[in-house]
Amino acid sequence: MPLLNVIIDNHVATLTLDRSESMNALGLAGDGDAFVEACDAINADADVRCAILTGAGRAFSAGGDIKAMQQRTGNFAGSPVEIADGYRTNIHRILRALHNLRVPLIAAINGPAIGLGGDLACLADMRIASTQAKFGVTFLKLGLVPGDGGTWLLPRVIGEARAAELFFTGEVIDAGTMQDWGFVSRVVAPNALIDEAQALASKVAAMPPAALRQTKMLLRQGRGLSYDGALELAANTQGLMHHTVDHAEGVAALIEKRSPNFTGE
């Protein structure tokens, strides 16, 4: 069945994992295509300035489909080479699509985010959680290794030692611990989660869209650059921004003591 429900409103795209009967399990045929299609459309739409990722029902995502693993169907069928290829051509396409999203992404973690589901949350630029949220990287409990890039992602979010603790123990932490460890910036009541995410997205969407996308690019590129390299990239990007209509509008609005109206020009 279709995985994603996408709604665009007021410059914000809300992507909802819509497989609640299986706690939004991932890895069925076509899941990679669904994410690529949705993220490509957002990247191509200059009117979209922010995105929210959340889950339908009681889970954000429980990760890979356990029944499919047990029955060795779908992505988990075939020889080791065939399974590896299934990761590359389907599951990893989900992750690459989110990683390549050009607008800021907010994960609104409404319930358990486990395994692959946790990796999706790690790919967000901002994360907020419901009090019902949980997070775990439980691959070892299934006799598996973290197969979805989590060993690259999670240490960058919560640090090497805490990431190692979660990987090596398979422990699932609650929303309060997620906040204490810096995985999420805030924890709210379940019925307030989407409103909180939308309020945050509205603040982001009020920023100049071209500069917003370029700022995300600078954040991402900066991970692999030296400080001198980051400064050079920033200088070149800033030179372009100084020639935008939105820059002139921002300066004028500050001088005139009014709210700016950014158009993306």
- Item | Heavy-atom pair with the smallest gap, counting every atom of Gly27 and Asn75 | O-OD1, 2.8 Å

- Could you tell me which non-hydrogen atom of Ala133 sits nearest to which non-hydrogen atom of Ile109, and how far apart they are? CB-O, 3.5 Å

- Of the options Asn24, Leu3, Leu53, which is the one that meets Ser61 in a side chain to side chain contact (heavy atoms under 4.5 Å, CB included)? Asn24

- May I ask you to test the Asp85-Val81 pair for a side-chain heavy-atom distance under 4.5 Å? no

- Message: Is it true that, when you exclude Asn5 itself, more than 12 heavy atoms of the residues, nucleotides or ligands shown sit nearer than 6.0 Å to its CG?
- Response: yes

- Answer yes or no: does atom CD of Glu37 have more than 12 heavy-atom neighbours from other residues, nucleotides or ligands under 6.0 Å? no

- Query: At what distance, to the nearest 0.5 angstrom, does NE2 of His247 lie from CE of Met241?
  - Reply: 10.5 Å

- Message: Is any side-chain heavy atom of Ile52 closer than 4.5 Å to one of Leu15?
- Response: no

- side-chain contact (heavy atoms from CB on, under 4.5 Å) assessment of Ile106 paired with Cys50: CA-CA 8 Å; Ile106 300 166; Cys50 190; 3.8 Å; yes

- Euclidean distance, Thr244 OG1 relative to Gln214 CD, rounded to 0.5 Å: 10.5 Å

- Query: Short question: side chain of Asp47, backbone of His11 - any donor-acceptor pair under 3.5 Å?
  - Reply: no

- Message: Starting from Leu95, can I reach Phe60 by hopping between I/L/V/M/F/W/Y residues whose side chains sit under 4.5 Å apart?
- Response: yes

- Item | SB check Glu171 Lys141 (cutoff 4.0 Å) | no

- So, Asp174 and Thr177: side-chain donor and acceptor under 3.5 Å apart, yes or no? yes

- Query: Which pair of non-hydrogen atoms, one from Thr263 and one from Pro209, has the smallest distance, and what is that distance?
  - Reply: C-CG, 4.2 Å

- Query: Got Thr151 and Val145 here, is their nearest side-chain heavy-atom distance under 4.5 Å?
  - Reply: no

- Item | Pairing residues for Ala84 by the side-chain contact (heavy atoms from CB on, under 4.5 Å) criterion, not counting sequence neighbours | Arg88

- Task: State, to 0.1 Å, how close Glu160 and Pro155 come at their nearest heavy-atom pair, and which atoms those are.
- Result: OE1-CB, 3.8 Å

- Query: What's the verdict on side-chain contact (heavy atoms from CB on, under 4.5 Å) for Met217 and Leu233, showing C-alpha distance, side-chain angles and the deciding distance?
  - Reply: CA-CA 10 Å; Met217 181 275 293; Leu233 182 61; 3.8 Å; yes

- Can you say whether the rings of Tyr87 and His92 are parallel (under 30°), tilted (30 to 60°) or perpendicular (over 60°)? perpendicular

- Going by heavy atoms in the side chains, are Asn100 and Asp40 under 4.5 Å from each other? no

- Note on the structure: What one should report as the nearest heavy-atom pair of Val204 and Leu212 is O-CD2, 3.6 Å

- When rounded to the nearest 0.5 angstrom, what is the spacing between CG in Leu166 and OG1 in Thr138? 10.5 Å

- Message: With side-chain contact (heavy atoms from CB on, under 4.5 Å) as the criterion, how do Leu200 and Met126 come out once you've worked through the C-alpha distance, each side chain's angles and the decisive distance to 0.1 Å?
- Response: CA-CA 9 Å; Leu200 178 58; Met126 299 159 280; 4.1 Å; yes

- Supply the atom-to-atom distance Leu231 CG to Asn236 CG, rounded to the nearest 0.5 angstrom. 11.0 Å

- Task: Could you walk me through whether Asp65 and Arg19 pass salt bridge (charged side-chain N to carboxylate O under 4.0 Å, His left out), step by step?
- Result: CA-CA 11 Å; Asp65 191 317; Arg19 205 172 272 158; over 6 Å; no

- Item | Axial cation check for Phe183 ring with Arg127, 6.0 Å and 45° limits | yes

- Task: Could you check if a side-chain atom of Asp18 sits within less than 4.5 angstrom of a side-chain atom of Leu4, using non-hydrogen atoms only?
- Result: no

- Kindly state each residue pair satisfying salt bridge (Lys or Arg N to Asp or Glu O under 4.0 Å) with at least one member in residues 196-212, sequence neighbours excluded. Arg186-Glu196

- Joint cluster assignment, Trp181 & Ile114, ILVMFWY side-chain distance < 4.5 Å: no

- Query: Is there side-chain contact between Lys216 and Val103, with heavy atoms separated by less than 4.5 Å?
  - Reply: no

- Task: Would you check if Arg58 and Ser20 make a side-chain contact, meaning some heavy-atom pair closer than 4.5 Å?
- Result: no

- Query: How far does CG of Asn110 sit from OG1 of Thr54, to the nearest 0.5 angstrom?
  - Reply: 4.0 Å

- Do Arg93 and Phe35 have side-chain heavy atoms sitting under 4.5 Å apart? no

- Task: Rounded to the nearest 0.5 Å, what's the gap from CG on Leu123 to CG on Asp125? Could you check?
- Result: 9.0 Å

- Query: Quick one: do Leu120 and Ile66 end up in the same hydrophobic cluster if we chain Ile, Leu, Val, Met, Phe, Trp and Tyr together by side-chain heavy atoms under 4.5 Å apart?
  - Reply: yes

- Yes or no on side-chain contact (heavy atoms from CB on, under 4.5 Å) for Arg96 and Val36, after CA distance, side-chain angles and deciding distance? CA-CA 8 Å; Arg96 290 182 189 277; Val36 169; over 6 Å; no

- If every non-hydrogen atom of His99 is compared with every non-hydrogen atom of Arg220, which pair is closest and at what distance? O-NH1, 2.6 Å

- Message: Check this for me: Arg72, atom CZ, are more than 12 non-hydrogen atoms of other residues, nucleotides or ligands nearer than 6.0 Å?
- Response: no

